[in-house]
Amino acid sequence: MNIFSKISFLVFSEILFIGFNTTTAQEKKHFKKQPNIVLIFADDLGWTDVSTGNTNGNRGSKLYKTPEIDKLASQGMSFTNAYTNQNCAPSRASLISGQYPTGIDNQVFNVGSLSRQDKRTKGFPDLPIKPFHQQKVISEDGVNIFDVLKTKGYQTALVGKSHGTPHPLKGDYGIDLPADIHHIIPAPVNGKRVKSFYLALNSDKKGWTFNSEYVDKYADPYDQEYIDNKLKPYKSQSEQSLLLDTPKHLTDAIGDFSVDYIKEKANNEKPFFLYVPFNAVHSKVTGRKDLTKKYLKNGLNVRFAEYASMIELLDQNVGKINRALKDPNGDGDFSDDISNNTIFIFYSDNGGLLGNKPLIGKKGNLTEGGIRVPLIFRYPNVIAENTVTNQAVHCIDFLPTLADFAGVDISKLKKIDGSQPQYDGVSFASILTGKKNYLSRTNLYWHLPGYMDERFSPSTVIQKRFGDDYYKLFYFYESEEFTMYHLNKDLSEENNLLENPTSKEMRIALSMNSDMLAWLKANNAPTGTWIKNGEKVPHPLVDSVKKYKN
């Protein structure tokens, strides 16, 4: 089936762009009715892993250098309360589908499965709950973010990690150019089966390869021409000569592919949506040789030097892609600049690998360290420069937000069976354009009906905004217990307010308890079954938190 069979009814509307009357004649020449969209989705990059302070309340890293991301933050709007799901696949699935994992077209709650308990899990192997059996990829029949943008004529491409969608990326997902690359690169080398996680391999059968039909053209080792033409603008005090004749890093290859895609599509009458889910900085962490040596010289140990190297390499490729928007044909003449008519987004799929202080936890946790990430939007003359918002947003919100900018009325879309797609996200375009400071939506939810080693057990979380204040309520199904935190005052989630709640805190807890139950019921959220009797694990009662009342 194609996009036209998936979506049977469309209403086309034009978006009102703010501030275009301030642009020059040259800039106006390159505006189209819909903006191009470039969405960079980093992998496992934590809230404090970037050196800008805009995205993290002035807590930018002193170890890791991200000058290109910092520059992007100065040119657009940064979100200090940007959220994802707890790890890779469910974050990507929610971003693409516009649904929480509970959504009918999603059902991707975790990487692999919800039965990932091991010896680190309390009670292993005799755990009390049999987890829900999830899907591994989103439904083809949903009207996803690619489908939505195609209704307005967008050309769509994915280059990088396919997660929450199949690998290889086959099927009807609305992606014109499905250039997905697995982060494990296998190849026969000198008669032996070899695996690499980021560096190209010299295959006995294919030559230099990333095991990708799309990206292998960028797999040749670094040579002087590449260093001179691609890397010198980002020298950053590293000894780039160390790279000569060494294997190409996948992060550079994905960046190069993206640059060539922009060059090809820049002068096309149709707008494009380029989704770049980098594999970096996912483990097994492998930096680029010149950058790793630089950080070792700066005194970092091997583990942190490799991680810092990979973050800076990711940053350099953000710069490459940004530069391609300013000068698509790369001739040094910026008359072909398309950046003013491009929404450029930088985001991460979950919390960092090594540490996210003052946030507690990491990738895989539902604490802030696992789900709060950097997010930046740039759209010149529409989004004000160097602005910061603390409005909480989530990957479910990207579909309706980008639909707004593209002029798509998602309420008029239909699935192939004639039903209307149900989206959980809300558009935050009004935040980006400065029309509003807060959304009317006050609640975000996370629901995990299973296990992942020590990092989570069956649980539901609600975050709720009361005025300017954010509170977070956890419910744990095994123990039927709650905890609650005031995030404005307690980013590290150390002070459980339910241990000695005030009357005000109890009112807040009851409100959140009620909202949590209503959401669980409305979404028919699965909970698994009790091993002891095979019965369904119940949702929390509407006033369960009353037991903590003084």
Side-chain angles (χ1 to χ4, degrees), residues 1-8 10 12 32-41 92-93 95-98 105 137-182 210-218 253-279 317 320-321 324-325 328-329 338 341-345 347 395 398-403 405-408 410 413-416 421:
M1 72 187 94
N2 58 34
I3 183 64
F4 299 105
S5 64
K6 287 177 80 172
I7 305 174
S8 61
L10 305 170
F12 293 88
K32 300 171 185 174
K33 289 183 178 179
Q34 296 88 30
N36 303 306
I37 302 167
V38 176
L39 171 50
I40 295 175
F41 207 16
R92 287 163 167 73
L95 185 145
I96 294 170
S97 69
D105 300 312
V137 298
I138 63 174
S139 170
E140 290 183 56
D141 295 332
V143 184
N144 68 46
I145 196 168
F146 298 101
D147 298 326
V148 168
L149 293 172
K150 282 178 72 69
T151 69
K152 276 294 189 179
Y154 276 77
Q155 305 160 93
T156 60
L158 180 156
V159 56
K161 184 175 182 178
S162 177
H163 228 171
T165 46
H167 173 77
L169 218 174
K170 307 297 182 185
D172 188 15
Y173 290 96
I175 305 171
D176 297 325
L177 183 57
D180 64 306
I181 310 150
H182 201 277
F210 290 111
N211 198 33
S212 165
E213 63 177 295
Y214 296 97
V215 185
D216 275 358
K217 64 184 287 187
Y218 304 98
I254 290 173
D256 295 340
F257 183 103
S258 302
V259 167
D260 284 352
Y261 181 85
I262 291 168
K263 180 177 181 179
E264 178 187 343
K265 301 298 182 184
N267 294 314
N268 198 300
E269 286 302 311
K270 292 183 177 180
F272 64 82
F273 173 42
L274 173 61
Y275 172 51
V276 191
F278 276 100
N279 299 61
N317 281 278
K320 277 186 201 173
I321 295 168
L325 296 172
N329 64 11
I338 62 169
N341 194 45
T342 301
I343 300 173
F344 192 32
I345 307 162
Y347 193 31
C395 38
F398 278 65
L399 186 153
T401 300
L402 295 181
F405 280 112
V408 181
I410 59 175
L413 302 178
K414 300 287 183 180
K415 296 167 64 174
I416 186 138

Margin query: With heavy-atom distances below 4.5 Å as the criterion, would you say the side chains of Tyr275 and Arg92 are in contact?
Written below: yes
Notebook entry, point to check: Do Phe344 and Leu325 pass the side-chain contact (heavy atoms from CB on, under 4.5 Å) test, and can you show the C-alpha distance, the side-chain angles, and the key distance before you say yes or no?
Noted result: CA-CA 9 Å; Phe344 192 32; Leu325 296 172; 4.2 Å; yes
Next item on the list: Could you give me the CA-CA distance, side-chain angles and deciding distance for Tyr218 and Asp260, then say whether side-chain contact (heavy atoms from CB on, under 4.5 Å) is met?
Entry: CA-CA 11 Å; Tyr218 304 98; Asp260 284 352; 2.7 Å; yes
Check: Excluding sequence neighbours, so at least two apart, what forms ring-ring contact (aromatic ring centres under 6.0 Å, His included) with Phe398?
Finding: Tyr347, Phe377, Phe428
Next item on the list: Quickly, which of Thr156, Ile37, Val38 forms a side-chain contact (heavy atoms from CB on, under 4.5 Å) with Phe272? Name it, please.
Entry: Val38
Next item on the list: Decide yes or no for Pro421 and Ile410: does some side-chain heavy atom of the first lie under 4.5 Å from some side-chain heavy atom of the second?
Entry: no
Notebook entry, point to check: Does the side chain of Val137 reach to within under 4.5 Å of the side chain of Tyr173, using non-hydrogen atoms?
Noted result: yes
Margin query: Let's go through Lys217 and Asp256 carefully: what are the C-alpha distance in whole Å and the side-chain angles of both, what is the deciding distance for salt bridge (Lys or Arg N to Asp or Glu O under 4.0 Å) to 0.1 Å, and is it a yes or a no?
Written below: CA-CA 10 Å; Lys217 64 184 287 187; Asp256 295 340; over 6 Å; no
Item checked: With Asn211 via side chain to side chain donor-acceptor pair (under 3.5 Å) - residues at least two apart -> Lys206
Item checked: side chain to side chain donor-acceptor pair (under 3.5 Å) against Thr401, all qualifying residues, sequence neighbours excluded -> none
Next item on the list: Test Asn36 against Lys265 for side-chain contact (heavy atoms from CB on, under 4.5 Å), laying out the working first.
Entry: CA-CA 10 Å; Asn36 303 306; Lys265 301 298 182 184; over 6 Å; no
Next item on the list: Go through the steps to decide whether Thr342 and Ile262 satisfy the test side-chain contact (heavy atoms from CB on, under 4.5 Å), and finish with yes or no.
Entry: CA-CA 11 Å; Thr342 301; Ile262 291 168; over 6 Å; no
